[in-house]
Amino acid sequence: GPVSVGGFSHANADPDGRPVVAALLAYLARHPATAQRIARRLAQFLVSDNPPSALVDRLAQLYLANDTAIAPLVTEILAAPEFRASAGAKTVTPANDVVRTVRALGITIDGTEAANAAKYSILWSAEQAGQRPFAWPRPDGEPMVAAAWTSVGRVLGSFETHWGLAGGWWPTVGITYRTRASWLPSTPIRLDALIDHVSRTMFGRIPSATMVQAVCEAVGYPPTESIGAG
């Protein structure tokens, strides 16, 4: 029989029920409130915890103008001055932190089936830091703001993940780490030049003086130390 939900109505003549569900979802996908929510979530993820309302409104209009396509919104954000001004303003969620770490370190994870396989261990790492992918229990989606992810437990969990992956110590099954020598652009090379190279490669930025000092102190060599392939 006929149904009416808010501004949506449908004859609902098919006893199967799926046509009316599909029609309702299509209606909701194109609702202005949905456009605002998706626009705000994307802006929160890529720009800031409290994105400018002008940017959100612009994205919402773009969402509706492109019949719910997401790609135009991402393109708009990346070209926006608000995005360029947001460098360093976001706290990475635990799950995204794990993914970014694997990518930055050039790690390859295969489909090995074993209880201790890397593809499962990586999920465990994200869960230990507080965010197992696709496990959020409510339909409102995981929070995108720093306050949700800046606990001491999350920081320690992330440190442990970075330590294990960067050292190639854990996990060890179904995973391939880059060799240490592969990080060297040439040999011999000064330690400070190597730090600069790795920072640009992994983080896309020049290392700060504090980072250079920290690395030198951690390895026990001065910045002028010559590093060879061995």
Side-chain angles (χ1 to χ4, degrees), residues 38 41-42 44-47 70-71 73-75 77-78 83 86-146 148-187 189 191 194-207 211 214-215 218-219 227 229-230:
I38 290 178
R41 292 276 289 179
L42 279 174
Q44 274 190 324
F45 183 69
L46 293 171
V47 179
I70 300 297
L73 278 66
V74 176
T75 300
I77 291 175
L78 298 181
F83 176 75
S86 70
K90 287 294 301 179
T91 296
V92 181
T93 63
N96 276 287
D97 182 35
V98 172
V99 172
R100 292 183 184 193
T101 302
V102 169
R103 286 177 173 169
L105 292 172
I107 294 171
T108 302
I109 298 174
D110 61 35
T112 298
E113 286 293 343
N116 60 342
K119 65 180 183 181
Y120 301 123
S121 300
I122 290 296
L123 289 175
W124 180 85
S125 296
E127 185 173 15
Q128 286 297 103
Q131 185 190 28
R132 183 180 177 88
F134 308 112
W136 189 253
R138 305 196 307 258
D140 57 347
E142 295 170 319
M144 301 285 189
V145 296
W149 308 116
T150 50
S151 67
V152 173
R154 181 273 159 93
V155 172
L156 293 178
S158 292
F159 280 176
E160 184 177 2
T161 297
H162 297 166
W163 183 258
L165 292 174
W169 301 313
W170 187 88
T172 58
V173 178
I175 189 169
T176 302
Y177 295 97
R178 280 188 63 172
T179 64
R180 289 177 174 83
S182 71
W183 290 100
L184 292 168
S186 61
T187 55
I189 183 174
L191 179 55
L194 176 59
I195 296 170
D196 180 84
H197 169 74
V198 174
S199 179
R200 291 170 186 264
T201 302
M202 292 181 61
F203 308 123
R205 62 175 181 264
I206 299 171
M211 179 186 290
V215 173
V219 299
I227 307 297

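Scope of the values below: all heavy atoms of this structure, side chains included, with no hydrogens, waters or symmetry mates. Residues: numbered from 1 along the sequence shown.
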Please round to the nearest 0.5 Å and tell me the distance separating atom CE of M202 and atom OG1 of T101. 7.5 Å
Listed by chain and number, what are the ring pair (Phe, Tyr, Trp, His ring centres under 6.0 Å) partners of W136, not counting sequence neighbours? none
Can you tell me how far apart CD1 (I122) and CD1 (I175) are? Round to the nearest 0.5 Å. 5.5 Å
Looking at residues at least two apart in the chain, or sitting in another chain, which of them share a salt bridge (Lys or Arg N to Asp or Glu O under 4.0 Å) with E127? R132
Look up atom OG in S121 and atom CD in Q128, then write down how far apart they are to the nearest 0.5 Å. 11.5 Å
Which pair of non-hydrogen atoms, one from A95 and one from P133, has the smallest distance, and what is that distance? CB-CG, 4.2 Å
Side chain to side chain donor-acceptor pair (under 3.5 Å) against T93, all qualifying residues, sequence neighbours excluded: N96, Q131
Residues in salt bridge (Lys or Arg N to Asp or Glu O under 4.0 Å) with R178, at least two apart? none
Should N116 and P171 count as side-chain neighbours, where that means a heavy-atom distance under 4.5 Å? no
If you look only at pairs with a residue in residues 89-98, which of them pass as a salt bridge (Lys or Arg N to Asp or Glu O under 4.0 Å), with sequence neighbours excluded? D49-K90, D97-R154
Identify which one of L194, V198, I195 satisfies the side-chain contact (heavy atoms from CB on, under 4.5 Å) criterion when paired with V215. I195
Minimal heavy-atom distance between I109 and A118, with the atoms involved, is CG2-CB, 4.0 Å
Any pair with a residue in residues 100-124 that passes salt bridge (Lys or Arg N to Asp or Glu O under 4.0 Å), sequence neighbours left out, goes on the list, sorted by first then second residue, please. E113-K119
My understanding is that only residues two or more places apart in sequence, or in another chain, count here; which of them pass side chain to side chain donor-acceptor pair (under 3.5 Å) with R41? none
With the side chain counted from C-beta on, respond yes when T187 and I227 share a heavy-atom pair under 4.5 Å apart, and no when they do not. no
Donor-acceptor contact below 3.5 Å, side chain T201 vs main chain H197: yes
Please walk me through it: do V155 and T150 pass side chain to side chain contact (heavy atoms under 4.5 Å, CB included)? CA-CA 7 Å; V155 172; T150 50; over 6 Å; no
Sequence neighbours excluded, every pair satisfying ring pair (Phe, Tyr, Trp, His ring centres under 6.0 Å) that has a member inside residues 88-112: none
Would you indicate whether the side-chain heavy atoms of W149 and V92 approach each other to under 4.5 Å? no
Can you list the residues that meet the salt bridge (Lys or Arg N to Asp or Glu O under 4.0 Å) rule with R138, with sequence neighbours excluded? D140
To the nearest 0.5 Å, how far apart are CZ in F159 and CG in L156? 7.0 Å
Any residue meeting side-chain contact (heavy atoms from CB on, under 4.5 Å) with T179, in chain and number order, not counting sequence neighbours: A181, S182
Any side-chain heavy atom of V98 within less than 4.5 Å of one from S158? no
Who pairs with W124 by ring pair (Phe, Tyr, Trp, His ring centres under 6.0 Å), at least two apart in sequence or on another chain? W170
For T108, the side-chain contact (heavy atoms from CB on, under 4.5 Å) test, sequence neighbours excluded, returns T176
Scanning both residues in full, the closest heavy-atom pair of P185 with I189 reads CG-CD1, 3.6 Å
If you count every heavy atom of other residues, nucleotides or ligands that lies below 6.0 Å from L78 atom CG, does the total exceed 12? yes
Spatial distance of atom CG (L46) from atom CD1 (I77) [nearest 0.5 Å]: 5.0 Å
